[in-house]
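Working notes, structure below.
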Amino acid sequence: QLQLVESGGGLVQPGGSLRLSCVAPRSILSVFNQYVMGWYRQAPGKERELVAAITRNGNSARYGDSVKGRFTISRDNAENTVYLQMNSLKPEDTAVYYCAAEKVEWTGWGQFAYEYPEEYDYWGQGTQVTVSS
């Protein structure tokens, strides 16, 4: 079982920034680079939606339309960690943010449907982000 741990959430004013982190267990250090990683969010009463996803080697990223140009996903395979830098935050960004992982055989996107949460087998517990003045 792959346990992902998110951190970095909190309360921030509109226009502010936060950086989320997601750490995978040290036990998979040698194979962390075999996982596509994603960030999703879910607001009360809404479905879980893609925020960003990144390929195994970090060479390619995809973003949800609502965060393009404001959020950046990155990863450090040596540290088993994926990050989400969130800038120019808006009240509508308020949600619980989840980290997700899926082991894939290819280094690019291949046939992996990164935008669908059901494609990921492993999830963290989530971290709350609240954007409010």
Side-chain angles (χ1 to χ4, degrees):
Q1 184 71 19
L2 182 63
Q3 293 185 337
L4 305 173
V5 180
E6 303 99 334
S7 63
L11 174 65
V12 63
Q13 292 187 344
S17 298
L18 280 176
R19 188 193 196 201
L20 305 184
S21 299
C22 170
V23 181
R26 297 290 292 179
S27 59
I28 69 156
L29 179 61
S30 63
V31 296
F32 181 69
N33 60 4
Q34 295 179 16
Y35 289 80
V36 167
M37 301 298 296
W39 284 99
Y40 280 77
R41 68 186 183 186
Q42 188 165 18
K46 295 187 177 181
E47 293 186 353
R48 193 167 293 193
E49 65 170 348
L50 172 75
V51 177
I54 191 166
T55 52
R56 287 171 45 178
N57 56 15
N59 286 350
S60 181
R62 296 287 188 270
Y63 297 92
D65 289 341
S66 60
V67 306
K68 285 180 180 178
R70 299 188 298 124
F71 291 11
T72 302
I73 188 172
S74 61
R75 66 189 295 163
D76 184 343
N77 285 344
E79 296 294 329
N80 275 21
T81 303
V82 62
Y83 303 98
L84 184 68
Q85 178 66 43
M86 306 186 295
N87 298 328
S88 302
L89 283 161
K90 305 175 181 179
E92 50 263 45
D93 294 318
T94 296
V96 178
Y97 284 70
Y98 297 92
C99 178
E102 179 66 15
K103 193 174 183 180
V104 299
E105 296 180 356
W106 43 84
T107 57
W109 293 110
Q111 297 180 2
F112 184 68
Y114 62 88
E115 66 269 34
Y116 297 108
E118 57 266 30
E119 292 292 311
Y120 296 83
D121 282 340
Y122 305 103
W123 292 84
Q125 294 300 308
T127 184
Q128 176 71 45
V129 172
T130 302
V131 184
S132 175
S133 55

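Positions are given from 1, in the same order as the sequence printed here. What you see is a predicted model, and the numbers here were worked out from it, not measured in a lab.
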State whether a side-chain donor-acceptor pair under 3.5 Å links R19 with S21.
no
Run W39 and I54 through side chain to side chain contact (heavy atoms under 4.5 Å, CB included) and show every step you take.
CA-CA 9 Å; W39 284 99; I54 191 166; over 6 Å; no
Begin from the C-alpha positions of L4 and V82 and carry the test side chain to side chain contact (heavy atoms under 4.5 Å, CB included) through to its verdict.
CA-CA 10 Å; L4 305 173; V82 62; over 6 Å; no
Given the rule in the side chain to side chain contact (heavy atoms under 4.5 Å, CB included) test, do F71 and L18 qualify, once you have shown the distances and angles that lead to the verdict?
CA-CA 10 Å; F71 291 11; L18 280 176; over 6 Å; no
Identify whether Y83 and V51 are in the same connected component of the hydrophobic contact network (ILVMFWY, side-chain heavy atoms under 4.5 Å).
no
Just verifying a value: how many Å separate C22 SG and M37 CE, rounded to the nearest 0.5 Å?
4.5 Å
Are more than 12 heavy atoms from other residues, nucleotides or ligands located less than 6.0 Å from atom CD of E105?
no
Between R41 and D93, does any side-chain N to carboxylate O distance fall below 4.0 Å?
yes
Nonpolar side-chain network containing V5, other nodes, edges under 4.5 Å:
none
Work out which heavy atom in E6 is nearest to a heavy atom in C99; give both atom names and the distance.
OE2-N, 2.8 Å
To the closest 0.5 Å, what do you measure between CD (E119) and CG (D121)?
9.0 Å
Which residues end up grouped with W109 if you chain together Ile, Leu, Val, Met, Phe, Trp and Tyr wherever their side-chain heavy atoms are less than 4.5 Å apart?
V36, Y40, L50, V96, Y98, V104, W106, F112, Y114, Y120, W123
Using every non-hydrogen atom in the two residues, find where S132 and P14 come nearest and quote the distance to one decimal.
C-CD, 3.6 Å
So does G58 get a backbone contact from the side chain of R75, meaning a donor-acceptor N/O pair under 3.5 Å?
no
Can you tell me if Q13 uses its side chain to pair, donor with acceptor, with the backbone of S133 under 3.5 Å?
no
Counting only N and O atoms by type, is there a donor-acceptor contact under 3.5 Å from the side chain of T130 to the main-chain atoms of T94?
no
Correct closest heavy-atom pair for N87 and S17 would be OD1-OG, 2.9 Å
Distance-only, no hydrogens or angles: does the T55 side chain make a donor-acceptor pair with backbone N or O of S60 under 3.5 Å?
yes
Is it true that a side-chain atom of Q85 and a backbone atom of T72 form a donor plus acceptor pair closer than 3.5 Å?
no
If you count heavy atoms of other groups shown closer than 6.0 angstrom to CD of E47, is the number above 12?
no
With distance as the sole test, does N77 use its side chain to make a donor-acceptor pair with the main-chain N or O of R56 at under 3.5 Å?
yes
E115 CD: over 12 foreign heavy atoms closer than 6.0 Å:
yes
Working to the nearest 0.5 angstrom, can you tell me the gap between M86 CE and I73 CD1?
12.0 Å
L20-Y63 co-clustered via ILVMFWY side chain contacts under 4.5 Å:
yes
Tell me the closest heavy-atom pair linking A43 and A95, and the distance in Å.
N-CB, 3.9 Å
Are any side-chain N or O atoms of D76 and backbone N or O atoms of T81, one a donor and one an acceptor, separated by less than 3.5 Å?
no
Which heavy-atom pair separates L84 from A52 by the least distance, and what is that distance?
CD1-CB, 4.2 Å
